[in-house]
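In what follows, a structure is listed as structure tokens, so that the remarks can point back to it.
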Amino acid sequence: MDVTSDRTKPQVKDYMTRDVATVSPDTTVGAVANRIAETDNHSGFPVCERRRVEGFISARDLLLADDGDPIFKVMTTDLLVAHPEMKVTDAARVILRSGIQKLPVVDDAGNLVGIISNADVIRSQIERATPQKVGKLVNTLEQIHNVELRQERRTVPLEELTPTQGRVYADELEGRRYELENGLAEPLVVIDNAGTLLLADGHHRVLAADRLSIDEMDAYIIVIDDPIDLGMARTAKKEGLERISDIEVVDYARHPLVQTTERLQGEE
């Protein structure tokens with residue numbers, strides 16, 4: 001499995017559940033249906049021969065099947081899976097684009113090592129260390145421009161923000177919308193460059209908020225009293241970014257970290 005990882009960002013292995021409930025291919029439809037009915041936590045199970053993933057069985061797969069049928073006859077074998085070293089943000093895109101709630105996590109040999117859910121993804125997002133991220137940005141700006149800056153925490157009107165990123169991904173935008181609707185979104189990071197509010201981090205959140213008719217958001221503010229010629233401001237001007245509506249929404253259609261698991265018996 002060819003997986004590109006960025007170890008500076010949260011990975012699937014940091015948030016996945018390692019103790020995974022599974023079923024074997026020979027388990028009957030009726031037995032799986034009973035297990036699903038008896039728990040509030042499972043709407044389906046990975047199907048494993050020992051620890052090797054063969055498929056996934058969901059409640060929907062069972063609807064038209066006979067109770068006595070083995071589930072290998074009705075399980076899904078064309079699977080979307082994650083790798084332990086995949087970035088959580090990439091796993092989130094898979095979950096959001098596919099509409100599934102849980103993503104099996106397999107190692108390079110195809111063995112099941114965990115499962116990551118949409119709830120795990122949300123937990124990873126709201127646990128991101130934004131204060132540390134802001135501190136690093138402050139230190140970088142101070143060193144580059146030889147100035148002393150200060151930080152504030154306040155609410156900012158979205159219409160006053162100048163974006164510094166020209167595009168956002170449609171699927172991640174849906175994730176940020178979900179967070180906002182459930183009160184889970186973290187603050188923005190904004191640079192107040194002598195009155196000009198540059199959005200340094202949070203473009204997906206801002207655009208999602210705008211679509212939800214939210215007029216203002218909580219933000220960490222890096223305050224620059226005397227204006228500085230910032231590279232991100234030059235980039236925004238070059239790309240014609242003046243307001244939120246100038247941000248382009250693009251589809252995340254081709255991602256190298258998403259794999260379709262083939263029927264593994266044929267690979268042995």
Side-chain angles (χ1 to χ4, degrees), residues 4-6 8-10 87-90 92-93 96-97 125 128-177 179-180 185-257:
T4 302
S5 65
D6 183 345
T8 65
K9 296 184 178 181
K87 289 185 291 184
V88 173
T89 51
D90 292 319
R93 291 190 174 104
L96 290 166
R97 285 182 59 81
Q125 297 299 300
R128 288 180 294 188
T130 300
Q132 288 85 341
K133 182 163 51 180
V134 175
K136 289 181 180 179
L137 180 55
V138 168
N139 291 335
T140 300
L141 291 173
E142 288 181 335
Q143 291 175 13
I144 292 175
H145 299 282
N146 194 27
V147 294
E148 186 173 338
L149 308 177
R150 69 179 190 275
Q151 299 180 43
E152 296 179 357
R153 180 81 175 264
R154 67 174 188 257
T155 301
V156 293
L158 301 191
E159 64 179 10
E160 296 182 10
L161 294 175
T162 299
T164 60
Q165 177 179 317
R167 58 176 55 185
V168 298
Y169 293 119
D171 46 7
E172 188 167 344
L173 186 61
E174 287 303 308
R176 302 296 84 75
R177 180 180 180 127
E179 291 173 3
L180 285 166
E186 67 178 76
L188 308 174
V189 179
V190 174
I191 298 176
D192 184 348
N193 192 13
T196 299
L197 300 182
L198 297 168
L199 179 60
D201 182 79
H203 289 76
H204 286 88
R205 275 163 279 158
V206 161
L207 205 56
D210 184 62
R211 292 186 172 187
L212 291 170
S213 299
I214 296 173
D215 297 325
E216 57 185 21
M217 294 184 71
D218 185 28
Y220 293 99
I221 310 292
I222 300 172
V223 181
I224 303 174
D225 293 318
D226 297 319
I228 294 175
D229 182 21
L230 295 171
M232 66 177 65
R234 292 196 301 270
T235 300
K237 184 176 182 179
K238 181 179 180 180
E239 296 185 12
L241 302 174
E242 297 180 353
R243 55 186 64 87
I244 295 172
S245 58
D246 294 327
I247 302 173
E248 179 186 6
V249 180
V250 297
D251 184 25
Y252 203 87
R254 296 175 299 277
H255 199 283
L257 299 178

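What's counted below: heavy atoms across the whole structure, side chains too, no hydrogens, waters or symmetry copies. In this text, all values refer to a predicted model and were calculated from it rather than measured experimentally.
Rounding to the nearest 0.5 Å gives a distance of 4.5 Å between CZ of Arg234 and CG of Asp229. Distance CD/Glu216 to CD/Glu160: 10.0 Å, rounded to 0.5 Å. Between the CG atom of Leu161 and the CG atom of Leu188 there is a distance of 6.5 Å, given to the nearest 0.5 Å. Leu198 CG to Ile221 CD1: the interatomic distance, rounded to the nearest 0.5 Å, is 10.5 Å. We find the OH-CZ distance between Tyr169 and Arg176 to be 13.5 Å, quoted to the nearest 0.5 Å. We find the CG-CG distance between Asp226 and Asn193 to be 9.5 Å, quoted to the nearest 0.5 Å.
With hydrogens and angles ignored, the 3.5 Å screen pairs no side-chain donor or acceptor of His203 with any backbone N or O of Pro163. Proximity of a side-chain donor or acceptor of Asp192 to a complementary backbone N or O of Gly195 within less than 3.5 Å is detected. Of the possible polar contacts, none joining the Asp210 side chain to the Val206 backbone as a donor-acceptor pair under 3.5 Å is found. At least one donor-acceptor pair closer than 3.5 Å links the side chain of Gln165 to the backbone N or O of Arg167. One N or O on the side chain of Thr164 and one on the backbone of Leu199 form a donor-acceptor pair closer than 3.5 Å.
The shortest side-chain heavy-atom distance between Met217 and Leu180 falls under the 4.5 Å cut-off. Taking 4.5 Å as the limit, every side-chain heavy atom of Ile222 sits out of range of all side-chain heavy atoms of Val190. By the 4.5 Å heavy-atom criterion applied to side chains, Ile224 and Ile191 are counted as neighbours. Side-chain atoms of Pro187 and Arg153, non-hydrogen and from C-beta on, do get closer than 4.5 Å to each other.
With respect to the salt-bridge test (charged N to carboxylate O, under 4.0 angstrom), the residues Arg150 and Asp225 qualify. Taking 4.0 Å as the cut-off between side-chain N and carboxylate O, Glu186 and Arg205 count as a salt-bridged pair.
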Quiz item: Would Glu179 and Arg177 satisfy salt bridge (charged side-chain N to carboxylate O under 4.0 Å, His left out), going step by step from the backbone distance to the final call?
Solution: CA-CA 5 Å; Glu179 291 173 3; Arg177 180 180 180 127; over 6 Å; no
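Looking at every heavy atom in both residues, Leu173 comes nearest to Arg211 through CD2-NH1, 3.2 Å. Leu158 and Ala209 get closest at one heavy-atom pair: CD1-CB, 3.8 Å.
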Could you pull out every donor-acceptor pair under 3.5 Å between side chains of residues 135-147 and any protein atom, sequence neighbours left out?
residue : atom : partner : partner atom : Å
Asn139  : ND2  : Gly135  : O            : 3.3
Thr140  : OG1  : Lys136  : O            : 2.9
Glu142  : OE2  : Leu149  : N            : 2.9

